[in-house]
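No hydrogens, no waters, no symmetry mates; every other heavy atom, side chains included, goes into these values. The residues of the chain are indexed from 1 along the displayed sequence.
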Amino acid sequence: MTTTRRRVVISTDAANEADDQFAIVHALLSPVLDIVGIAPAHFGAPGSMQKSRAEVDRLLALLNDPDVVVRDGGDRALDDETTARPSAASDLLLSASLEGPLTVCVLGPLTDVASALLIDPEFARRDVTVIWIGGPPYDGIEAVYGPEYNLNNDIASANVVFDSEIDLWQIPMPAYTHVGVGQAELDRRVRPCGEIGAYLAQTVQDYNESKPGYAADFRSLGDSPAIAVALNPFGAVWRRRPRPRFTADALMTDGPGTGPDVRVCEQVDTRYLLEDFFAKLSAHAGSA
């Protein structure tokens, strides 16, 4: 019997911090995922998409995986909620959606998904599931920080996606900030795993040391839940909610309620997520 692999496109603002890298590597080392392509995304600043592209290329070189399709995303946020920003990434999403069921793991802003919807509204009615890491807390839960980063980097695109009929799984701040790893754990479980492991562990250390004002020896691998629920959709606690909208200052308001409910992740199985990643990374290092 042939088992169908889940077809995935990863949209990633890979150079903005130090967690996209773990999610990308986890996905590429997971045989049940068919990585249709990776779409480097902007993270607000001019030239940021190009930095994400360079980081994706670096990871693929360290993994010795040159055959992965990489298509650049839009280089900045949408100008408004009606005008697409066409890119090679939005073209990839549209073409891939015509070829069968597709999961889009968005680890940054929703720019390229929104552009695909604006270019071809039929995109929302195909067998496409968008898993987005982003958005502030629901139900008055205190935010860890504000405004929420991925949302704030393209609020218009979030409103386009949330106003659409596309199947949307959201992993907001309270869920994605609870995938914590310590530097000591990274040094023991990740750094020894070849060039890629050393790079991942050092990237977190360098990021923490670059942050002014406080010392930290931990990191939330906040983008990895998108890969974890693509691998294991039942490894999370979900609640269906009416689709909200977002204000210009990245606050959440009641939405129009015209589309299907958004599937909101309230808790993810971090034991599975981290141990699956550690095991696959160790196996990769052993086979290299």
Do Leu93 and Ile133 share a hydrophobic cluster (ILVMFWY, side-chain heavy atoms under 4.5 Å, transitive)? no
Within 45° cone of Phe162 ring axis and under 6.0 Å: Arg245 NZ or CZ: no
For residues Asp249 and Pro147, report the shortest heavy-atom separation together with the two atoms involved. O-CB, 4.3 Å
Listing, residues 26-36 side-chain donor-acceptor contacts under 3.5 Å, not counting sequence neighbours, or none:
| unit_1 | atom_1 | unit_2 | atom_2 | d |
| --- | --- | --- | --- | --- |
| His26 | NE2 | Asp276 | OD2 | 2.8 |
| Ser30 | OG | His26 | O | 2.7 |
| Ser30 | OG | Lys280 | NZ | 2.8 |

Is Asp223 reaching over with its side chain to a backbone N or O of Phe22, donor-acceptor style, under 3.5 angstrom? no
For the student: nearest non-hydrogen atoms of Asp154 and Leu78, plus distance: OD2-N, 3.0 Å
When you compare the side chains of Thr12 and Asp20, does any donor N or O come within less than 3.5 Å of an acceptor on the partner? yes
What heavy-atom pair brings Leu168 and Val262 nearest, and what distance separates the two atoms? O-CG2, 3.4 Å
Looking at every non-hydrogen atom in both residues, tell me the closest pair between Cys265 and Ala236 and how far apart they are. SG-CB, 3.9 Å
Salt bridge flag under 4.0 Å for residues Asp120 and Arg126: yes
Arg241/Asp139 salt bridge by N-O under 4.0 Å criterion: yes
Does any part of the side chain of Pro233, heavy atoms only, come nearer than 4.5 Å to the side chain of Trp238, both counted from C-beta? no
Answer yes or no: are there more than 12 heavy-atom neighbours, outside Tyr272 itself, under 6.0 Å from its atom OH? yes
Is a side-chain N or O of Arg85 found less than 3.5 angstrom from the main chain of Ala77, in a donor-acceptor match? yes
With the threshold set at 4.0 Å, does a side-chain nitrogen-carboxylate oxygen contact exist between Glu275 and Arg189? yes
So, taking the atom named CG in Leu221 and the one named CD in Gln21, what distance separates them when rounded to the nearest 0.5 Å? 10.0 Å
Any heavy-atom pair between the side chains of Pro174 and Pro172 that's under 4.5 Å? yes
Kindly compute the distance separating NE2 (His42) from CG (Asn153), expressed to the nearest 0.5 Å. 6.5 Å
Value for CG (Leu107) from CD1 (Ile227), rounded to nearest 0.5 Å, stands at 6.0 Å
Side-chain donor/acceptor of Ser224 to backbone N/O of Leu274, under 3.5 Å: no
Between the side chain of Ser90 and the main-chain N/O of Ser87, is any donor-acceptor distance below 3.5 Å? yes
Walk me through whether Arg58 and Glu55 qualify under salt bridge (charged side-chain N to carboxylate O under 4.0 Å, His left out). CA-CA 5 Å; Arg58 183 178 297 112; Glu55 186 68 6; 2.3 Å; yes
Same hydrophobic cluster for Val9 and Val68, using side-chain heavy-atom links shorter than 4.5 Å among ILVMFWY? no
Take atom CZ of Phe234 as the centre, draw a 6.0 Å sphere, and report whether it contains more than 12 heavy atoms from other residues, nucleotides or ligands. no
Counting only N and O atoms by type, is there a donor-acceptor contact under 3.5 Å from the side chain of Arg239 to the main-chain atoms of Glu266? no
Does the Arg263 side chain pair with the main chain of Asp167, one donor and one acceptor, at a distance under 3.5 Å? no
In this structure, are over 12 heavy atoms from other groups packed under 6.0 Å from Asp254 atom CG? no
Is a side-chain donor or acceptor of Gln267 paired with a backbone partner of Ala175 at a separation under 3.5 angstrom? no
Can you give me the closest heavy-atom contact between Ile171 and Tyr176, atom names plus distance? O-CD2, 3.4 Å
Do you reckon Ile166 sits in the same ILVMFWY cluster as Val229, going by side-chain contacts under 4.5 Å, direct or chained? no
Any chance you could measure Leu186, atom CG, to Leu200, atom CG, to the nearest 0.5 Å? 8.5 Å
Does one hydrophobic cluster hold both Leu251 and Phe246, with members joined at side-chain heavy-atom distances below 4.5 Å? no
Should the heavy atoms of other residues, nucleotides or ligands under 6.0 Å from CD of Glu142 be counted, would the total exceed 12? no
Backbone of Ala158 reached by a side-chain donor or acceptor of Trp132 within 3.5 Å: no
Going from OG1 on Thr247 to CD1 on Ile155, what distance comes out if it is rounded to the nearest 0.5 angstrom? 6.5 Å
Single-linkage hydrophobic cluster, 4.5 Å side-chain cutoff, Met173 and Trp169 together: yes
Does Arg7 reach the main-chain N or O of Pro101 with its side chain, forming a donor-acceptor pair under 3.5 Å? yes
Val161 backbone acceptor or donor facing Ser164 side chain under 3.5 Å: yes
Between Asp80 and Thr83, do the side chains contain a donor N or O and an acceptor N or O under 3.5 Å apart? yes
Output yes when Asp19 and Arg219 qualify as a salt bridge under the 4.0 Å nitrogen-oxygen rule, no when they do not. yes
Ignoring hydrogens and angles, state whether a donor on the side chain of Glu148 or Asn152 is under 3.5 Å from an acceptor on the partner side chain. no
Let me confirm one number: the CG-CG distance from Asp72 to Leu92, rounded to the nearest 0.5 Å. 11.0 Å
